[in-house]
Amino acid sequence: MESFSLILAIVVVTALAFDFTNGFHDTANAMATTISTGALKPKVAVAMSAALNLVGAFLSVEVANTISKGLVDEAGIRPEVIFAALVGAILWNLLTWLVGLPSSSSHALMGGLIGATIASAGVGAVHGDVLVTKVLLPAVAAPIVAGVAAMFATRLTYSFGKKAEGSKASEKGYRAGQIASAGLVSLAHGTNDAQKTMGIITLALVAGGAVAPDSDPPVWVILSAGLAIALGTYLGGWRIIRTMGKGLTDLQPQQGFAAQTSAATVILASSHLGFSLSTTHSVSGSVMGAGLGRKGGVVRWSTATRMFVAWGLTLPAAALVGAIAEWVTGFGSWGTGLVAVFLVGSSAAIWKISRREVVDHTNVNEPEPEEPAGVVTTAVAAVAPPPTAGAVSEDLTATIAAPVTEPAPSPAPAASPATTV
């Protein structure tokens with residue numbers, strides 16, 4: 001019983017560590033556009049987001065119940081399985097944070113849980129219908145719905161505010177609206193993402209016999225999960241904030257307001273329905289939609305492509321790490337200890353690598369370095385295109401019309417001195 005109590009405590013602490021990484025990994029979802037447009041100072045923005053994340057954690061438990069009761073069979077799931085799942089989720093969060101990619105913490109957790117469960121109890125222990133309807137379909141639909149909504153909202157915003165465009169009153173109004181919508185996203189993030197950790201801790205408590213099956217998360221679980229994600233949010237995932245605020249597109253206050261309002265609406269609606277939605281997918285989609293909605297606005301598709309690749313790899317990569325970690329924990333206490341040491345060592349190594357190029361609140365709004373041109377782009381730029389007929393005609397006309405300037409007479413050569421014979 002002592003060893004069991006110890007592993008259960010380790011699982012709870014590891015789950016809160018994941019919740020902490022979820023906080024700083026996803027701060028960009030709520031505050032990247034607000035910081036990039038200058039509506040709020042960076043430290044003020046993350047403090048506001050942290051407080052609203054904590055409040056949002058108490059608003060609902062529907063998503064927590066999806067994880068603790070719906071995704072996998074509670075029967076036969078050991079605390080070691082939950083621990084292995086969290087290892088896969090934490091390492092994926094840290095790796096994507098290191099490279100500044102806004103991947104989904106939610107899908108990292110789902111992937112780790114699925115992989116560890118399959119390694120422990122087989123494929124039959126995963127509820128495929130719940131996985132498809134409440135995880136995979138929202139993953140595809142959320143960025144599309146949020147992006148389309150943000151694109152149309154941006155166009156409407158510019159259309160209605162055309163007469164007041166450029167005025168100080170208009171700019172202040174949009175900034176105030178952007179702050180309000182950012183607060184709504186933070187609240188929605190706490191409502192959706194903090195619940196995932198609540199669900200995973202509750203599942204571990206059920207697996208350990210500490211609470212009855214089909215129980216809602218205890219109050220102390222809700223409070224601790226809310227505090228962990230709020231603390232992580234306050235520290236700020238500055239690398240991902242830079243990517244979301246400057247790497248995808250250049251946003252104006254009108255676009256930031258439209259993007260965040262659209263994303264918050266999608267996230268809150270999904271939380272109410274119990275969908276384990278990725279706030280990262282929703283906000284990223286809305287930011288791209290807002291970029292396309294402004295006339296002359298652009299989306300940096302090279303950055304977007306890297307994001308899409310990370311999104312596609314999140315579930316399988318976290319599942320693979322979770323499955324391997326579960327296999328190692330199957331060797332007993334020393335296996336669990338080995339996985340714990342690997343997690344701590346890997347996390348420390350990633351942190352040390354991140355110190356080589358520090359990104360924080362002082363330089364978060366600096367533009368990302370320009371990407372080197374590809375081979376094709378370089379070759380095209382090196383070859384001058386042949387002049388068109390119109391261009392030749394214009395050059396000839398300009399040459400004929402230009403006044404002829406006579407060259408200045410050259411000075412006469414100096415007389416040679418007489419030579420005496």
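The two residues Asp19 and Gly226 have their closest heavy-atom pair at OD2-N, 4.4 Å. Contact detail for Ser262 and Ala153: the closest heavy-atom pair is OG-CB, 4.2 Å. Heavy atoms only, all atoms of each residue included: Ala210 and Leu8 are closest at CB-CD2, 4.3 Å. Glu326 approaches Ala119 most closely through the heavy-atom pair CG-CB, 3.7 Å. Nearest heavy-atom pair across Ala150 and Ala290 is CB-N, 3.9 Å. In this structure, Ala15 and Thr197 approach most closely via the heavy-atom pair O-CG2, 3.5 Å.
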* **Verdict with reasoning, Leu95 to Ile350, per side-chain contact (heavy atoms from CB on, under 4.5 Å)** => CA-CA 7 Å; Leu95 283 173; Ile350 292 172; 3.9 Å; yes
* Checking side-chain contact (heavy atoms from CB on, under 4.5 Å) for the pair Thr117/Val123: CA distance, chi angles, key distance, verdict? -> CA-CA 8 Å; Thr117 300; Val123 177; over 6 Å; no
* To do: Decide yes or no on side-chain contact (heavy atoms from CB on, under 4.5 Å) for Leu227 and Leu16, but give the supporting numbers first.
  => CA-CA 9 Å; Leu227 288 172; Leu16 293 177; over 6 Å; no
* For the pair Leu205 and Ile201, evaluate side-chain contact (heavy atoms from CB on, under 4.5 Å) and give the outcome as yes or no after the intermediate values. => CA-CA 6 Å; Leu205 295 175; Ile201 293 177; 4.2 Å; yes
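For the atom pair OH (Tyr234) and NZ (Lys43), the distance works out to 4.5 Å, reported to the nearest 0.5 Å. Atom-to-atom distance recorded for Phe308:CZ and Ser103:OG is 13.5 Å, nearest 0.5 angstrom. The line from CG of Asn53 to CD1 of Ile229 is 5.0 Å long, rounded to the nearest 0.5 Å. Taking CD1 of Ile200 as the start and CG of Leu109 as the end, the distance is 4.5 Å to the nearest 0.5 Å. If you take CE on Met288 and CE on Met307, they are separated by 4.5 Å, rounding to the nearest 0.5 Å. Here OG1 of Thr202 is found 8.0 Å from CD1 of Ile222. Values are rounded to the nearest 0.5 Å.
Taking the six-membered ring where the residue is Trp, Trp334 and Phe331 present tilted rings, their angle falling between 30° and 60°. By the 30° and 60° cut-offs, the orientation of the rings of Trp97 relative to Trp351 is parallel.
Within the 4.5 Å cutoff, the side chain of Val126 has heavy atoms near those of the Ile118 side chain. Within the 4.5 Å cutoff, the side chain of Thr314 has heavy atoms near those of the Trp92 side chain. By the 4.5 Å heavy-atom criterion applied to side chains, Phe342 and Leu91 are counted as neighbours. Within the 4.5 Å cutoff, the side chain of Val339 has no heavy atoms near those of the Glu80 side chain. By the 4.5 Å heavy-atom criterion applied to side chains, Thr233 and Phe24 are not counted as neighbours. Residues Leu184 and Gln260 form no side-chain contact, since every pair of their non-hydrogen atoms from C-beta on lies 4.5 Å or further apart. Put simply, the side chain of Thr154 does not reach to within 4.5 Å of the side chain of Leu292, judged on heavy atoms. Taking 4.5 Å as the limit, every side-chain heavy atom of Leu101 sits out of range of all side-chain heavy atoms of Ile240.
Side-chain polar atoms of Asn93 and Ser105 form a donor-acceptor pair below 3.5 angstrom. Residues His281 and Ser104 bring no donor and acceptor atom of their side chains to less than 3.5 Å of each other.
Judged by distance alone, with hydrogens and angles left aside, the side-chain atoms of Ser224 form a donor-acceptor pair with the main-chain N or O of Val221 at under 3.5 Å. Proximity of a side-chain donor or acceptor of Thr21 to a complementary backbone N or O of Phe18 within less than 3.5 Å is detected. The main-chain N or O of Arg155 is never found under 3.5 Å from a side-chain atom of Ser159 such that the two would form a donor-acceptor pair. Although no hydrogens or angles enter the test, the distance criterion places no donor-acceptor pair under 3.5 Å between the side chain of Thr329 and the main chain of Thr336. Judged by distance alone, the side chain of Ser120 and the main-chain N or O of Ala116 form no donor-acceptor pair under 3.5 Å. Between the side chain of Ser49 and the main chain of Ala45, no donor-acceptor pair closer than 3.5 Å is present. Proximity of a side-chain donor or acceptor of Arg239 to a complementary backbone N or O of His25 within less than 3.5 Å is not detected.
A 6.0 Å sphere centred on CZ of Phe152 holds no more than 12 heavy atoms belonging to other residues, nucleotides or ligands.
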